[in-house]
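Quick note: numbers below take in every heavy atom, side chains included, and nothing from hydrogens, waters or symmetry partners. What you see is a predicted model, and the numbers here were worked out from it, not measured in a lab. Every chain is numbered from 1 and lettered A, B, ... according to where its sequence line falls, protein lines coming before strand lines.
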Amino acid sequence: MEIFLTNTLTKKKERFKPLNPDRVGIYTCGLTVYNYAHIGNLRAYVFSDILKRMFLYNDYAVKHVMNITDVGHLTSDDDEGEDKLEAGARREGKSVWEIVDFYTDAFLKDMEALNIIRPDIVCRATEHIDDMIEMISRIEANGYTYIAGGNVYFDTSKIDDYGKLSGLKRNEESARSRVEADPYKKNPFDFVLWFTRYKYESHAMQWDSPWGRGFPGWHIECSAMSSKYLGERFDIHTGGIDHVPIHHTNEIAQSEAAFGHDWVNYWLHNEFLIIGNNEKMSKSLGNFIRLQSLVDQGYNPLDYRYYLLGAHYRKQLAFSIEAMDAARNAMKRVRAKINEMKANEPGKFDSTAFEKMNNDFRNAVNDDLNTPKALAVLWKVLDSDTLSNETKLSLTKEFDRVLGLDLLAEEPQEIPREVITMAEERLEARRARNWKKADTLREKIAEQGYEIMDKKDGYEIRRS
RNA sequence: GGCGACGUAGCCAAGGGGUCAAAGGCGGAGGUCUGCAAAAUCUCUAUUCGAGGGUUCAAAUCCCUCCGUCGCCUCCA
């Protein structure tokens, strides 16, 4: 079965060819843990999860690595810049290490709530300082660095194809906004591999290195850790589209400088989630919505996942509560249909129909993760009146391996005793054709947050 | 200033030269069911794809112009 993915490196949808047959290595740029993840951040991880699940569904063995950026990085490049983690620590009166642990934990919990399969390896930058130092040494030995003002810089002028990922042109216009940044840089695009010159005396996170006590530049962690776990060549690197021009561009430059050969075959980037009034959701703008905020508003985290799957990962998506409502209602109906299928006669399993529908689904997800189309196939199955329940259930289960919406989950509903009592009372009233009393009881049950649906000679209650 | 993306029904959103008189979901309208509801179910809900040109036997899909929206170029998913 062929798989097509849009590769940022070539800007084309390409047929995926793994480095090793039936195996794929994926590296995902994780979160900088100085604050909670917002729902925009989370889009990136739902995306990489779908990617991984798609490969698993196609019978690949997947090794998925994700980093946690827990080394502080600067909020801006000028002298006002301050370290994000230090800022977070000061804000909350905690140590940077406490901050890091707290938000890492919160992040992993959000991922779990979204039914994201935990990456095989979740690696923290602070636990791989030695690997970074070793890699910087390699880059240095290969002649791609210089030291200025106490910092080790990567010399981008030594790379012919620097910026190949973003189609960057190294002219003055492109560099315009960076010129004033750092007087020690030889070229505007150069970046720091190792800092010993601090902006803040109090910088809490520091380590010894051949270049002096300090801390690593941002980009090196991903190069060092991905290669450590996936090898010096690997298949796929994912991340948000914002990483294309700087972070991933620099990762490529330093990695290829260190290894002396091409590094990653496929670069996949997800587009942003945009907040209502056409603004990027960002931590620094302070306009972020957490997954927990949605839960507080009565949405299930998987409603949000469904919402995301309704749009292609490479398209900007404008968040709105209306769209969340649509997703929640859709999920509710899907669940209701599945419960009904489970409750009714299974019927005969139709392997021909199964193969046909499964193929449609596979074609959708294998085509650059077309989840909107995949969901359309799901609905076609659910609404089919030719497929048996057994076939539908099997298909749903199969689809959910990729969708990850936990569609087959049993939701044991505990109905409070008093609600059941009222329902029984109402049943009696209805038998006695006392409609007034029956209606009053229905209202009372609704007030308790349950809805009652009449059946032939009984009722069904569920949480509304 | 440089780079990139997008504009499809009330809303969200696939499609990306003919099989499209354009998937799917949400919402809405009507019918069936019901004591009435709810749930379920059926039917309907874009002769048209931002606007205007062009290429073609054929365009939502390719090209040009314009209008509008958004992202990146500072840390960011």
Original post:
Please walk me through it: do A:Lys397 and A:Asp400 pass salt bridge (charged side-chain N to carboxylate O under 4.0 Å, His left out)?
Top reply: CA-CA 5 Å; A:Lys397 192 174 173 189; A:Asp400 204 40; over 6 Å; no
Original post:
Among A:Asp235, A:Thr238, A:Asn67, which one satisfies side-chain hydrogen bond (donor to acceptor under 3.5 Å, both in side chains) with A:Tyr27?
Top reply: A:Asn67
Original post:
How do A:Lys332 and A:Cys29 order along RNA chain B: which one's closest nucleotide is nearer the 5' end?
Top reply: A:Lys332
Original post:
Starting at the 5' end of RNA chain B, which residue's closest nucleotide do you reach first, A:Ala330 or A:Glu451?
Top reply: A:Ala330
Original post:
Hey, would you say the A:Tyr266 and A:Phe16 ring centroids sit under 6.0 Å apart?
Top reply: yes
Candidate nucleotides [options], ranked by approach to the side chain of [X] - the nearest:
X	options	value
A:Ala376	B:G24, B:G25, B:C72	B:G24
A:Ile246	B:C73, B:G35, B:C72	B:C73
A:Asn41	B:C72, B:A77, B:G35	B:A77

Atom [atom1] of [X] and atom [atom2] of [N]: how far apart are they, to the nearest Å?
X	N	atom1	atom2	result
A:Asp383	B:U43	CG	C1'	14 Å
A:Asp368	B:G16	CG	C1'	13 Å
A:Glu460	B:A39	CD	P	12 Å
A:Tyr459	B:A39	OH	C1'	16 Å
A:Ile445	B:A37	CD1	C1'	13 Å
A:Phe319	B:C70	CZ	C1'	18 Å
A:Leu308	B:A77	CG	C1'	12 Å
A:Met453	B:U34	CE	P	17 Å

Subject >> Salt-bridge contact A:Lys332-A:Asp303 (side-chain N to carboxylate O under 4.0 Å) >> reply: no
Report the base-pairing partner of [N] (Watson-Crick or G-U wobble, both distances below 3.5 angstrom), or none.
N	value
B:A51	B:U65
B:C33	none
B:C57	B:G18
B:C3	B:G71

Subject >> Pair A:Asp368-A:Tyr313, side-chain donor/acceptor within less than 3.5 Å >> reply: yes
**OP:** May I ask you to check whether A:Tyr299 and A:Asp325 show a side-chain donor-acceptor distance below 3.5 Å?
**Re:** yes
What integer number of Å spans the [atom1] atoms of [N] and [M]?
N	M	atom1	value
B:A13	B:C6	C1'	13 Å
B:A14	B:C20	C1'	12 Å
B:G18	B:C63	P	15 Å
B:U48	B:G7	C1'	15 Å
B:C49	B:C11	P	16 Å
B:G28	B:C64	C1'	40 Å
B:U8	B:G52	P	16 Å

Subject >> Residues which pass side-chain contact (heavy atoms from CB on, under 4.5 Å) with A:Asp155, listed by chain and number, not counting sequence neighbours >> reply: A:Tyr146, A:Ser157, A:Lys158, A:Lys186, A:Asn187, A:Asp190
Original post:
Within the stacking criterion (centroid distance below 5.5 Å, interplanar angle below 30°), does A:Trp379 stack on B:G24?
Top reply: no
**OP:** Answer yes or no: are there more than 12 heavy-atom neighbours, outside A:Glu112 itself, under 6.0 Å from its atom CD?
**Re:** no
Original post:
Taking only residues two or more places apart in sequence or in another chain, which ones pass salt bridge (charged side-chain N to carboxylate O under 4.0 Å, His left out) with A:Arg431?
Top reply: A:Glu428, A:Asp457
**OP:** Treat primed atoms plus P, OP1 and OP2 as sugar-phosphate and everything else as base, then score nucleotides 3-15 of chain B 5' to 3': B for base contact with protein heavy atoms under 4.0 Å, S for sugar-phosphate contact only, - for none.
**Re:** SS-SS-----SSS
Original post:
Any side-chain N or O of A:Lys337 less than 4.0 Å from the OP1 or OP2 oxygen of B:U41?
Top reply: yes
Original post:
Below 4.0 angstrom from OP1 or OP2 of B:G25, is there any side-chain N or O of A:Asn329?
Top reply: no
Subject >> Donor-acceptor pair under 3.5 Å, A:Arg462 side chain vs B:A39 base >> reply: no
Original post:
B:C36 base to A:Asp454 side chain: any donor-acceptor pair below 3.5 Å?
Top reply: yes
